[in-house]
**Q** 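Below is a structure I'd like to ask you about.
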Amino acid sequence: MIISHDVAGSGPAVVLLHSSVCDRRMWDAQWQPLIDAGYRVVRCDFRGFGDTPLADAPYSDTGDVLALLDHLGIETAALVGASHGGRIALTAAALRPEAVTRLALLGAGMPGHQPSDTLRAFGGREDELIEAGDIDGAVELNVESWLGPEADEQTRANVRRMQRHAFDVQMEATIGPDREEVDLSRVTAPTLAVAGAHDFPDFRDIAAALPTLLPDARHQELPWAGHLPSLERPAETTALLLAFLGEPAPAAR
């Protein structure tokens, strides 16, 4: 199965990988500016998110993304990943380093990371609410936990809608994704590791550590951001991505 996706534009490929709190709609504000800058832009929904149905056999999100690139005839691409999407981007860059030209990681997870007590406590509370049938409460927990203090009501409503849809779909899930353990020393792509100062310590620590683990990575912390900067300050995050990727796109110069 090819996961649901959008593709538009021409030029070097940029693939947008969403957080597990959201789906591919989280990139609405970045979509057109990247196309206008001269990129071929792809965004997709992982299984159980957005328009992609649940799995009926073992799978991996990374395998799905790489299969999508093959399906679209994309041999090389820059990967932009938020949270879970960042972990998938890192994994893809380790499994197929020759295919990944750049990595922009926003509050990214990392293969093999062991969650802190704080993050485990969040997960435990989320599980309690879901098991009690309080899906609305679980949605609100996610909205309050993952968005920084500058997120406006429209942003909160958008995240609420995406998270609720994911919960509704995933309540029927019987198969979860495989979690690949990979060798990050295989990653060769220049990497921007972004963290929000208001995020969980796990994601701040991962971003700070990546320059010590990857051959060409730099760390940047955003003092205003929570876990989802592309939604909290869309224009500023878009400018950050374009500066890292290169504007105009290399083929358009």
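Values below: all heavy atoms of this structure, side chains included; hydrogens, waters and symmetry mates excluded.
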**Q** Which residue pairs pass the side-chain hydrogen bond (donor to acceptor under 3.5 Å, both in side chains) test when at least one of the two sits in residues 183-195, sequence neighbours left out?
**A** D183-S185
**Q** Please report the interatomic distance CG(L69) to CG(D64), rounded to the nearest 0.5 Å.
**A** 11.0 Å
**Q** Go through the steps to decide whether L184 and M110 satisfy the test side-chain contact (heavy atoms from CB on, under 4.5 Å), and finish with yes or no.
**A** CA-CA 9 Å; L184 292 183; M110 184 172 71; 3.9 Å; yes
**Q** Is there any side-chain hydrogen bond (donor to acceptor under 3.5 Å, both in side chains) pair reaching into residues 90-103, and which pairs are they, with sequence neighbours excluded?
**A** D70-R96
**Q** How would you list, by chain and number, every residue that makes a side-chain contact (heavy atoms from CB on, under 4.5 Å) with I2, sequence neighbours excluded?
**A** H5, L68, H71
**Q** Identify the heavy atoms of P211 and A217 that sit nearest to each other, and give their distance.
**A** CB-O, 3.5 Å
**Q** Quick one: CZ on R156 to CD on Q163, what's the gap to the nearest 0.5 Å?
**A** 14.0 Å
**Q** Whether the side chain of E232 engages the backbone of A225 through a donor-acceptor N/O pair (distance < 3.5 Å, no angle test) should be reported.
**A** no
**Q** Can you name the closest pair of heavy atoms from A207 and A193 and give their distance?
**A** O-CB, 3.6 Å
**Q** For residues 79-89, which side-chain donor-acceptor pairs fall under 3.5 Å, sequence neighbours excluded?
**A**
from : atom 1 : to   : atom 2 : distance (Å)
S83  : OG     : H227 : NE2    : 2.7
H84  : NE2    : D61  : OD2    : 2.9

**Q** Would you kindly confirm whether V169 and M162 end up in one hydrophobic cluster when ILVMFWY residues are joined by side chain heavy atoms under 4.5 Å apart?
**A** no
**Q** If I take atom CD1 from residue I206 and atom CZ from residue F200, how far apart are they, to the nearest 0.5 angstrom?
**A** 12.5 Å
**Q** May I have all residue pairs that pass ring pair (Phe, Tyr, Trp, His ring centres under 6.0 Å) and include part of residues 155-186, sequence neighbours excluded?
**A** none
**Q** Under the side-chain hydrogen bond (donor to acceptor under 3.5 Å, both in side chains) definition, can you give me all pairs with a residue in residues 105-116, not counting sequence neighbours?
**A** H113-D202, S116-D202
**Q** Listed by chain and number, what are the side-chain hydrogen bond (donor to acceptor under 3.5 Å, both in side chains) partners of S20, not counting sequence neighbours?
**A** none
**Q** CZ of R47 to CE of M1: how many Å apart, nearest 0.5 Å?
**A** 4.0 Å
**Q** Looking at R204 and A197, what are the two nearest heavy atoms and their distance?
**A** NH1-O, 3.6 Å
**Q** Of all residues at least two apart in sequence or in a different chain, which pass the salt bridge (Lys or Arg N to Asp or Glu O under 4.0 Å) check with D134?
**A** none
**Q** Atom CG in D45, atom CG in L17: separation rounded to 0.5 Å?
**A** 11.0 Å
**Q** For R218, check side-chain contact (heavy atoms from CB on, under 4.5 Å) against everything at least two apart and list the hits.
**A** L192, Q220, F244
**Q** Membership question, hydrophobic clusters at under 4.5 Å side-chain separation (ILVMFWY): are V21 and L129 in the same one?
**A** yes
**Q** Quick check against the 3.5 Å criterion: does H18 have a side-chain atom that pairs as donor or acceptor with the backbone of F46?
**A** yes
**Q** Decide yes or no for I130 and M171: does some side-chain heavy atom of the first lie under 4.5 Å from some side-chain heavy atom of the second?
**A** yes
**Q** Using every non-hydrogen atom in the two residues, find where A78 and L245 come nearest and quote the distance to one decimal.
**A** CB-CD2, 3.7 Å
**Q** What heavy-atom pair brings M26 and S230 nearest, and what distance separates the two atoms?
**A** CE-OG, 3.3 Å
**Q** Does the side chain of D56 come within less than 4.5 Å of L54's, by heavy atoms?
**A** no
**Q** According to side-chain hydrogen bond (donor to acceptor under 3.5 Å, both in side chains), who are the partners of D6, at least two apart in sequence or on a separate chain?
**A** R24, R43
**Q** Would you confirm whether S60, through its side chain, and D178, through its main-chain N or O, come within 3.5 Å as a donor-acceptor pair?
**A** no
**Q** So L210 and H219, do their side chains get closer than 4.5 Å, heavy atoms only?
**A** no
**Q** Honestly curious: do V7 and V65 fall in one hydrophobic cluster under the side-chain, below-4.5 Å linking rule?
**A** yes
**Q** Which heavy atom in R25 sits nearest to a heavy atom in D23, and how many Å separate them?
**A** NH2-OD2, 2.8 Å
**Q** Go through the side-chain N and O atoms of E236 and W224 and say whether any donor and acceptor fall under 3.5 Å apart.
**A** yes
**Q** Please tell me if the side chains of C22 and L231 come closer than 4.5 Å, counting only heavy atoms from C-beta onward.
**A** yes
**Q** May I ask you to check whether N158 and T155 show a side-chain donor-acceptor distance below 3.5 Å?
**A** no
**Q** Can you name the residues that form a side-chain hydrogen bond (donor to acceptor under 3.5 Å, both in side chains) with D205, not counting sequence neighbours?
**A** none
**Q** W146 vs F203 aromatic rings, parallel, tilted or perpendicular, using cut-offs 30° and 60°?
**A** perpendicular
**Q** Just verifying a value: how many Å separate D136 CG and L141 CG, rounded to the nearest 0.5 Å?
**A** 12.5 Å
**Q** Which atom pairs, one a donor and one an acceptor, fall under 3.5 Å between side chains of residues 120-128 and the rest of the protein, sequence neighbours left out?
**A**
from : atom 1 : to   : atom 2 : distance (Å)
R120 : NH1    : P115 : O      : 2.5
R120 : NH2    : D117 : OD1    : 2.4
R125 : NH1    : E128 : OE1    : 3.2
E126 : OE2    : N142 : ND2    : 2.9

